[in-house]
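Some notes on the structure that comes next.
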Amino acid sequence: MEHHNGIVEYFKNQGVSVIFLVRRNLLRRMVSVLSNSYDRHAKVLNGTHKSHVHSSEEADTLKSYKPEINPASFLMDLKQMEDTRTKALDYFNNTRHIVLFYEDLIRNRTKLLDVQRFLGVPEMALTSRQVKIHKGPLLEHIKNFDIIRNTLRGTAYETFLGTDY
Ligand SMILES: *[C@@H]1O[C@H](CO)[C@@H](O)[C@H](O)[C@H]1NC(C)=O
Ligand SMILES: *[C@@H]1O[C@H](CO)[C@@H](O)[C@H](O)[C@H]1NC(C)=O
Ligand SMILES: *[C@@H]1O[C@H](CO)[C@@H](O)[C@H](O)[C@H]1NC(C)=O
């Protein structure tokens, strides 16, 4: 984001194709970011920090940590995440790119065909060994969920509470 002009230039000169993987639900993104950041130091899986796991046991261990979200700043943090995402798409809009939503990918594996076509690689049915860590309602993943829910009421971000995947 800091050196976007030079990077866009480089991407164009080198013929780089860009995949933007973005998440609609920024509150869920926040849970992932905070948990990941916690584990960077806590290293709960036998002293190894992992951002992605391949078994439900590992996923359960990682999700046992529930982040507490700062109620005083998180609305601003959400707004900032949103602005950054808009800015990123804007900066790199003139590169050859595709925008992929995490939520669409979770619900519809066929989306991966769009990616393969974009990359010009042979189309295959792709699967992932990754196991999702924060599944189910956010109530189970945020320590101070009640406060966060009340703060979100009536805001543009209220819908983030309801989606469950
Ligand atoms: C952690 O250690 C336990 C016991 O030694 C082992 O069963 C488990 O597979 C290890 N987990 C990881 C993520 O390495
Ligand atoms: C990128 O530019 C195109 C064409 O100018 C426009 O239609 C599109 O909305 C822009 N996308 C973003 C994310 O700015
Ligand atoms: C799934 O994704 C494919 C590829 O983008 C699209 O053609 C199809 O309509 C999607 N299906 C649903 C149910 O959204």
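The model shown is predicted, which means the values in this text are computed figures rather than measured ones. Atom set for the values below is all heavy atoms of this structure, side chains included, hydrogens, waters and symmetry mates excluded. Order of appearance sets the numbers: ligands from 1, and atoms from 1 within every ligand.
Checking Asn36 against Ser32 by side-chain atom types alone, no donor-acceptor pair falls below 3.5 Å. Using modelled atom types, one finds no donor on one side chain facing an acceptor on the other under 3.5 Å when comparing Asn46 with Thr48.
Heavy atoms of Leu113 stay at 4.0 angstrom or farther from ligand 3.
Using a 4.0 Å threshold on non-hydrogen atoms, atom 2 (O) of ligand 3 counts as touching the protein. Taking a distance limit of 4.0 Å, we find that atom 11 (N) of ligand 3 is approached by some protein heavy atom.
Hydrophobic clustering (ILVMFWY, side-chain heavy atoms < 4.5 Å, transitive): Tyr102 and Val33 are in distinct clusters.
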Derivation and outcome, ring-ring contact (aromatic ring centres under 6.0 Å, His included), residues His97 and Phe92: CA-CA 8 Å; His97 70 272; Phe92 292 91; 9.0 Å; no
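Under a cut-off of 6.0 angstrom, the local environment of OH in Tyr10 is sparse, with at most 12 non-hydrogen atoms contributed by other residues, nucleotides or ligands.
Among protein heavy atoms, atom 5 (O) of ligand 3 sits closest to Asp114 OD2, 2.6 Å. Closest protein heavy atom to atom 13 (C) of ligand 3: Asn108 ND2, 4.4 Å.
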